[in-house]
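Comments concern the structure below.
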Amino acid sequence: MTRLVLSGNYAQSYAARLARVQVISAYPITPQTTIVEQLAKFVSSGELPAQFIKVESEHSALQVCVSAAALGARTYTATSSQGLLLMHELLHWASGMRTPIVMGVVSRSVGPPWSLDADHTDTMSQRDTGWVQIYPESNQEVLDSVLEAFRLAEDLAIRLPVMVAEDAFYLSHTVEPVEVPSQAQVDAFLPPRVPKGTLVPGKATRLGSYVGPADYVRFRREQARAMERVPETLAAIEEDYGRRMGRTYGGLVQEYRTEGADAVLLTMGTASTTARAVVDELRSEGKRVGLARIRVFRPFPAKEVRDLASRVDRLGVMDRSWTFGQMGSAATEVAAAIQSSPRRPRLSSFLAGVGGRDVGTALLREMFRDLLSKEPSGLRWLDMDPPKEVPLHG
Amino acid sequence: MIEIRFHGRGGQGAVIAAELLAQAANLDGKIPQSFAFYGAERRGAPVVSYARIDDRPIRLRTAITAPDIVVVLDPGLVEVAPVMDGLKPGGTLLVNSPLPPERFPTPKPAFVATLDATQIALSHGVGSRTMPIVNTTMLGALSRVSSVVSLSAVQHAIDEHVPARPAENGLAAIEGFHTVRVAELPGLPGGKAPSGPVAPALSSEVPEGPIASMASDVLHTSSWRTLQPVITREKCTRCNFCWKFCPDNAIDLDSEGFPVVRNEHCKGCGLCAVECPPVAIEMVVEGGA
Amino acid sequence: MAKLTLPPVELVRSGHSACPGCGPALAMRYLLKGTGERTVVSVPASCWTIIATGYPTTALRLPMIDTPIEATGASISGLRAALDALHMSDVQVVGFAGDGGTVDIGLQSLSGMLERRTDALYVMYDNEAYMNTGIQRSGSTPEGAWTTTTPVEGMARGKGEPKKDIMGIVLAHHPVYAATLNVAYPEDFLRKAQKAASLKGPRFFHVLAPCPPGWKFASDQTVQIGRLATDTGIFPLYEVENGKLRVTRKLGQLKPVRDYIKVQGRFGHLTDAEIDTVEHEVQASWAALLQREARP
C-alpha cells in the first residue's frame, strides 16, 4: 500500500491498471479525459499490457468493450455526460449480453445549454439500462469501488456491467491522498476473469440472438434476479476487501449519526462529505439530525431505505437531477420504496447542486432547517439566486 | 363477435387478407379489427394473421386463441402448421385445396370448406405458379361459407384497396364464392388434432445467459416449400453445380458424387434446377399433385 | 465426377431462415469456406440476424455476436483486441453487415475501424436496400430502383439518386486489401476470401447479394441475375491490394445492361431511354476501371 495524492480521475486509471484490464476503449470528453490520458501512459510505458482501442465515438467505445468482453476479456471504459448519452443503446446491449464491463463515469450536466459541471442528469437518465451504479464520495472510494466493481461484475452469480460515477471536478479534478494497494494485494483480491456465457472460438456460440416473447421475458427475469443478488454479493466482496485493505463503505446505504434522529437527509456523491460535517455542527447545537448516503443507486436499496424510514419522522433527499412532473430523481425512488413501509416519514425533495451549483454548508443547513420546521416545504429548488460563489474552475 | 385466423406463407398475402376482410366488413357496416405479429417471417415461411368482426366496438386487444373461423391459404400448411389449434366446436375451417372437405377432418365437430383457390387465382392471372396470390379468392369463398362478410363488400374492398389487377382479383373472388364446397364433419375420435411440428425444447432456466448453441438443422424448413426438386440420376453429370449454388446447404453429394436432396431442409427455391447444366433437375409441385 | 471447386466444409448449417434463393445466405456460405473454422463473426441488425435463426438455435458452426445496426466496425475492433489480449491471434475476425448498416448508419464505425488499422475483414453484403425491414431505399440502392420508400407513383420514378460509391470511400482509407465479390461467381469469391484470410490489417469486401423478394425476381434466378450484374459491367469484379487494382473477371464485350434490368421487377418501370442512360454510365465507369487497372 502506497499513499499517493491523486485526482478522482487518476484513481480510476490506477484502479483499472491494478485490475489488469485487458481491453480499454474510450473517446475523450471533458472532464473524463485525464482518466484515459493516464491509461494511455500506462499502456505505452508497458506498465499495463492492455489493448487500448482509441475510437471515433463513445458509441463505438462501448461496442468495443461489449465485443471484447463477449470473448472473455476484462474491459474498462470511461465517459461523461453527452458521451454516456451516446452510449445509451449500447448500455442495454452490455447488460442484456451479461458482459461484466466496468465504466468510470464523471457525472456532468447535460446540454443544452452547454455546461461542464457536476450534476447527475447523465447517470440518472441511464438508471434503467441494467447497470449497477456506484456513487463514491472520495477519490479513495473511487479507487476502491472500481476494484470492487470488477469483482462484482465478474461474479458468476451476477455478470452485470457496473458504472462507478464520480462528481465532475469535485472528484475528477480534486487531488487528495489515496492509499493505493500493491499489485499483489489486488491480485489476491481480484483473480483473473472466469469466462461464462461467452463466445468460444471454434464452437457454435451466438450471443445476442433474437427470441420470442416467452424467451425474452425469461432473459429479462434472469437479469433482474442477478441484480437482486447484488446487495448480498457486494456485501461479501466488501467484507473481503475490508479484510485485505482495511476500508469498507457500509454496503448500499451508508448511515451517519442516524440514531435517535428527528430528521435524516439522504445524499449521493460528494455532497455527502460536506453534509456529514454539517450534521456534526447541528448535533453539537443540539439538533437531532443524521445523514444517509446512497452509495449504490442501482439496484435501488429499497430495503435499506425502508429500514431507515421506519426509524425517522422526517426524511429529506438531495438530488442533482429531477424527474419532470415529480421531484428529484432519487426522491421519487425513495418515495416508491417507503410506500410499503409500515411507518412512513414525511418526505422532502431538495434540488441542489444542479449544473455545478456549489453545495456549501449553508445550503445543507437550510435543508435540515426546512426538514425540522413545522411545515416542511416538500419540494424545493434550492439556491436559485444569481451566481455569487467563486467558480471552481475556468 | 366472430374471430378469424388466417394461415399463409410469407409473401402470400395472409396479412393483406385479414386487412381486406376488415375493409369489407367495414363496408357492411360492421366493426372490424385485423392484426398480425410479425418481424422475422421469410418468404414461404408459415405466417398467421387475425381478424375480429362485430356489430359493436371491439374491446379486446389480445391474440385470438379460439377462432370461430380458420382460413388456410396454402394446402401444404395443414401438414406443417397447427392450423386446427383452438378452432371452436361448430366453427368453420376453410382450406385452399382441390381435395374434398372430408379430407380435412377437424378435432371437434365443424364445417369444413374447400376450393382450389390456387387454380382459380392462376386462371385469372393473379400471382404466379411459385407464388399464387389466393387471398382474394379465399375471401370470396369466406363470404359464402359464413355470414361474416358479404360478397359485394369483398368486391368493393378489392376495388378500393388492391393496387394490382383489382378487376382480376374481383373475378377470382366471385369464382371462389361459387366454387367452394362445404361439409359438416363430426370431429375426430378423442377430439385431438394431428400433432404439428415441435419447436426445439428449451431449458426452463437460462443460466448461461443469451448464448445460443443448438444446431439450426433441427429446424425443418421444408415447410416453406411449394415446389420440390427431383433429380434424374441418368442425366446427372456429377458436376456438383447444384451443391455449389444451394443457399440452404440442402444438397449432399453421395460417395459416388451424385447429389442427394436433403428433403427436410430444401426450401424449393429452384436454383439447382436453373443452374444444372444437363437439365437433370425438375421442380415439381410438392406432394406430387 | 467433377472435382469440387469449393472446400467441402460447411460452416453455415441448414435450417436457417433465409428466404428461398437468398443471395446473402450464399455469401456467408462461400465466405466462411474461405476464412475457415477459426473465425468469429460479428453481425449487426440485418437480414442475417434473422437468417441465423432464433434462440436457442444458431445457423453458424462458429461464434457469432449480434450488435446494433451501426456498430460493426467497432465490434470487430473489440473482437480483435480481445483475441490479441487472450493470445488467440490466429482467429480471423469478420464483420458481416448489410448495405444500409455499412454505407448509411454504420459508415462512421467502418471508417473508424479502417483508420485504426484493425486486423479484421469487413464484409458488406449488398442487397441494395433495407431488406430486413421490407425493402426501403438505402444509400446503396441504385438509381431508378423501386423500393417502398422510393415508389413509382405519379412523377416519381423510383430512387432519384445514384448508388453510394462505398469502394471509393473504403479505398480512401488505404486498406491492405479490398475487393468486390459476387455470389454468382463462387470460385472468384473463394479465392478472394482465402487471400483476405492470409493478410493482416484492415480488409474490405463489397459483395453483391441478389435478393429475390426485394428485387422482384423468381427465387431460382439469383445466380443468373448475379452473373448479369457482373457481365453487363454494372458490378465488375476486382481487387485492390496495396493500392494496385486488378480486374478479376475480364470482360471483352459487355452484355447490354438491358439484359440485367429487364429481368427485375424493381426496374420494371424504366423506359428504353432511361435504360440507355444507365448503359452509357456503365460503359464510362467500366472504361474508367480499366484505365485504373492499367495505371502502374
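In what follows, chains carry the letters A, B, and so on, assigned in the order in which the sequence lines appear, proteins first and then strands, with residues in each chain numbered from 1. Values in this document were obtained by computation on a predicted structure and should not be read as measured data.
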- Query: Taking A:Ala204, A:Gly208, A:Ser57 one by one, which has the highest count of heavy-atom pairs under 4.5 Å against chain C?
  - Reply: A:Ala204
- Task: Could you check C:Glu70 against A:His59 for side-chain contact (heavy atoms from CB on, under 4.5 Å), going step by step and ending with a plain yes or no?
- Result: CA-CA 9 Å; C:Glu70 68 281 30; A:His59 192 279; 2.8 Å; yes
- Rounded to the nearest 0.5 Å, what's the gap from CE on A:Met97 to OG1 on C:Thr67? Could you check? 7.5 Å
- Which answer fits C:Thr118, side chain, backbone, both or neither, if we ask what part of it has an atom under 4.5 Å from a heavy atom of chain A? neither
- Using non-hydrogen atoms and a 4.5 Å limit, figure out which bit of C:Thr58 sits close to chain A: side chain, backbone, both or neither. side chain
- Select one option (side chain, backbone, both, neither) describing which atoms of A:Leu62 are under 4.5 Å from chain C's heavy atoms. neither
- Query: With a 4.5 Å heavy-atom cut-off, do C:Ser109 and A:Glu56 have their side chains touching?
  - Reply: yes
- Neighbourhood of chain C inside residues 20-45 of chain A, taking heavy atoms under 4.5 Å as contact: A:Gln22, A:Val23
- Message: Once rounded to the nearest 0.5 Å, what's the spacing between atom CD of C:Gln108 and atom OG of A:Ser60?
- Response: 6.0 Å
- Query: Which residues in residues 77-88 of chain C have any heavy atom lying under 4.5 Å from a heavy atom of chain A?
  - Reply: C:Ser77, C:Gly78, C:Leu79, C:Ala81, C:Ala82, C:Leu83, C:Asp84, C:Ala85, C:Leu86, C:Met88
- Task: For the residue pair A:Val66 and C:Ser75, establish whether any side-chain heavy-atom pair is separated by less than 4.5 Å.
- Result: no
- Honestly, the part of C:Arg116 sitting under 4.5 Å from a heavy atom of chain A is side chain
- Note on the structure: Listed by number, the residues in residues 26-34 of chain C that come under 4.5 Å of chain A (heavy atom to heavy atom) are none
- Query: What option among C:Ala74, C:Pro63, C:Gly112, C:Ser111 has the most heavy-atom pairs under 4.5 Å with chain A?
  - Reply: C:Pro63
- Query: If you look at every heavy atom in A:Tyr210 and C:Thr49, which pair is closest and at what distance?
  - Reply: CD2-O, 3.5 Å
- Query: If you measure from CD on A:Gln63 to CD1 on C:Ile65, what distance do you get to the nearest 0.5 Å?
  - Reply: 6.5 Å
- Message: Among C:Gln92, C:Arg38, C:Glu37, which residue satisfies the side-chain contact (heavy atoms from CB on, under 4.5 Å) criterion with A:Pro201?
- Response: C:Arg38
- Item | Close approach to chain C in residues 71-79 of chain A, criterion heavy atom under 4.5 Å | A:Leu71, A:Gly72, A:Ala73
- If you take all heavy atoms of A:Ser209 and C:Tyr55, which pair is closest and at what distance? CB-N, 3.8 Å
